[in-house]
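All remarks here apply to the structure that follows.
All values below were derived from every heavy atom in this structure, side-chain atoms included, with hydrogens, water molecules and symmetry-related copies excluded.
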Amino acid sequence: MDRIGARLMNKRFFWAGPLILLAVCGHAAFQVPGYELVYSYPVETSLAEPDMRPAREVWPQMLDAARTSIDLNQFYVSPAPGEALDATLAALARAGRRGVHIRVILEKKFAPQSREGLERLRKMPNLEVRMLDWAQVAGAGIVHAKYFVVDSARAFVGSQNFDWRSLQHIHEMGLAVADGPVVRQIQIVFDHDWKLAGSTGPFTPDHVENPRPDRSRRAYLVASPWRFDPPGVGDSESELIRLIGEAQAEVVVQVFKYEPLTFVKPQRLYPIIDNALRDAAVRGVRVKLLVSDWSADAAALPHLRSLAALPNIEVRVITIPPARGGPIPYARLAHSKYMVVDGRTLWLGTSNWMGGYLDDSRNLEVVLKDQAMAGRAASVHKRLWDSSYAVALDTTCISSPYTK
């Protein structure tokens, strides 16, 4: 994949023709103007999608195309010798050696998980790392966003952490973006948070209005939490509720963690998304919710069961079998975070659907009103929904969370 040059990359990401499937390095690329759907799936499963390029190919190519700047925001960075993230880190180092200015933001709370990755990053030329303690400057939450921007012209946003496991042992979805206005919005968020990372908290936002996105556009960025969104960037939480509220026929969702509670202890009720889905079902909208088995814990199960018991709502739980080589901590799971509304609108981003993410933590989502892209994401959902890895949630059983 490193043989693909910057010239080809520029053609790929600035292309603006009709929908195509472009073969590169043995994989096809599912694209619509300005966007490519990028996929990761657990090896040794039947979940491959041959018409979508994997992040382990897309990331190094995007970084190898950089000429002036790379801005990368990640929850943490976790490489392993000889594993899938090595190619991306090698591309980052090459960029630094050819004079590209690289800035990296990481969540300070996860510094222990980033120890080896930080050692590698800090050896790279022209690279500066800032650790952002989001709770210190914002009062609560974490830096949970996963994205990068190349030359302020191309970007990647998705569920993939900068973790070797996310590239080969976890189900993930992302978007490579070459839509200028959306890339500029992503850049604005990074620049805003870069300043935050260089300050000492608490930080007072310079505006207090809950910002609204420009919904007249085919695509737009939203971010959370709204009180720390820079001007021009809409609010994720309120936009998610609005999109569900406007659904007329069907809402399909895949999310790693779904729970109408906060992730901080003691837990509090966080009903806003749950209420929106229940309201949609009452209106006659079909809701199909796929969650990771990490959501099927003692705290979440009663809420999931009560949701699945409603007419028009189905919940299925995804379990990925262990790798043949043995257990891998924090892997072999479904981590994607996307929604398709009425087969026409795709919501794809970095946030779990649980209290503490859309209300307190830094996350990004792209809203894309494109039937081809929404339909392709929905087909990924359907394939997983119908697979042997997804089992219907039992709404009556007390001892077991799944039906047989």
Side-chain angles (χ1 to χ4, degrees), residues 13-20 30-38 145 147 149 152-158 173-193 205-253 272-273 276-277 279-280 283 285 337-351 353 358-359 362-378:
F13 284 98
F14 285 103
W15 164 85
L19 171 67
I20 63 169
F30 189 90
Q31 298 177 324
V32 299
Y35 294 87
E36 178 182 351
L37 194 59
V38 179
Y147 68 93
V149 187
S152 298
R154 298 173 298 282
F156 183 92
V157 177
M173 291 266 276
L175 285 170
V177 184
D179 181 350
V182 172
V183 174
R184 285 192 289 273
Q185 288 181 308
I186 298 170
Q187 185 70 67
I188 288 169
V189 173
F190 184 90
D191 292 342
H192 174 274
D193 291 355
D206 55 8
H207 65 289
V208 294
E209 291 186 6
N210 191 330
R212 296 179 179 178
D214 181 1
R215 299 181 186 124
S216 65
R217 292 188 49 79
R218 168 175 167 261
Y220 50 88
L221 184 78
V222 289
S224 64
W226 67 265
R227 61 193 181 277
F228 284 89
D229 287 347
V233 177
D235 169 44
S236 289
E237 185 180 63
S238 61
E239 190 64 9
L240 176 61
I241 303 311
R242 187 192 71 83
L243 288 170
I244 296 172
E246 290 188 351
Q248 297 178 1
E250 185 178 62
V251 172
V252 300
V253 179
I272 185 168
I273 303 174
L277 292 178
D279 181 67
R283 298 194 316 269
V285 176
K337 310 161 196 303
Y338 64 92
M339 171 180 71
V340 178
V341 178
D342 293 337
R344 298 192 299 268
T345 301
L346 173 64
W347 161 287
L348 188 149
T350 71
S351 185
W353 289 20
L358 290 170
D359 50 346
R362 170 60 83 212
N363 282 286
L364 299 187
E365 277 76 35
V366 175
V367 179
L368 178 57
K369 294 177 284 187
D370 185 284
Q371 190 167 353
M373 187 63 81
R376 187 63 189 91

Is any side-chain heavy atom of I273 closer than 4.5 Å to a side-chain heavy atom of I241? yes
Check: R227 side chain, D359 main-chain N or O, donor-acceptor pair, under 3.5 Å: yes
OG1 (T350) and CG (L358) are apart, to the nearest 0.5 Å, by 8.5 Å
Could you tell me the separation between the CG atom of L277 and the CH2 atom of W353, rounded to the nearest 0.5 Å? 6.0 Å
Determine, step by step, whether D235 and R212 satisfy the side-chain contact (heavy atoms from CB on, under 4.5 Å) criterion, reporting the C-alpha distance in whole Å, the side-chain angles of both residues, the deciding distance to 0.1 Å, and the verdict. CA-CA 6 Å; D235 169 44; R212 296 179 179 178; over 6 Å; no
What one should report as the nearest heavy-atom pair of V233 and Q185 is CG2-O, 4.1 Å
Might you work through the side-chain contact (heavy atoms from CB on, under 4.5 Å) test for F30 and M373, ending with a clear yes or no? CA-CA 8 Å; F30 189 90; M373 187 63 81; 4.0 Å; yes
Under a 3.5 Å distance rule, please check whether R283 uses its side chain to pair with a backbone N or O of A247 as donor and acceptor. yes
Could you tell me whether the side chain of N363 and the main chain of S224 form a donor-acceptor pair under 3.5 Å? no
Could you pull out the closest heavy-atom pair between A280 and I244, with the gap in Å? CB-CG2, 4.1 Å
Correct closest heavy-atom pair for R362 and A223 would be NH1-CB, 3.9 Å
For L348 and G158, the nearest pair of non-hydrogen atoms, with its separation, is CD2-CA, 4.1 Å
What heavy-atom pair brings A377 and L346 nearest, and what distance separates the two atoms? CB-CD1, 3.7 Å
Can you list the steps and then say if W347 with L240 is a side-chain contact (heavy atoms from CB on, under 4.5 Å)? CA-CA 8 Å; W347 161 287; L240 176 61; 3.6 Å; yes
Sub-3.5 Å donor-acceptor pair from the side chain of E237 to the main-chain atoms of P225, do we have one? no
Check this for me: R217, atom CZ, are more than 12 non-hydrogen atoms of other residues, nucleotides or ligands nearer than 6.0 Å? yes
Determine yes or no for a side-chain-to-main-chain donor-acceptor pair under 3.5 angstrom, with K369 supplying the side chain and R215 the backbone. yes
By the side chain to side chain donor-acceptor pair (under 3.5 Å) test, which pairs, at least two apart or in different chains, include something from residues 240-250? Y220-R242, E239-R242, R242-E246
Can you tell if the side chain of L221 reaches within under 4.5 Å of the side chain of P213, non-hydrogen atoms only? no
Residue pair Y35, D370: steps toward the side-chain contact (heavy atoms from CB on, under 4.5 Å) verdict: CA-CA 10 Å; Y35 294 87; D370 185 284; over 6 Å; no
Salt bridge (Lys or Arg N to Asp or Glu O under 4.0 Å) between D179 and R154, intermediate numbers included: CA-CA 8 Å; D179 181 350; R154 298 173 298 282; over 6 Å; no
Taking every heavy atom of V222 against every heavy atom of V367, the minimum-distance pair comes out as CG2-CG2, 4.5 Å
Main chain of L175, side chain of E36: is a donor-acceptor contact present, judged purely on distance under 3.5 Å? no
Looking at Q187, I want to see if its CD is surrounded by more than 12 non-hydrogen atoms of other residues, nucleotides or ligands under 6.0 Å. yes
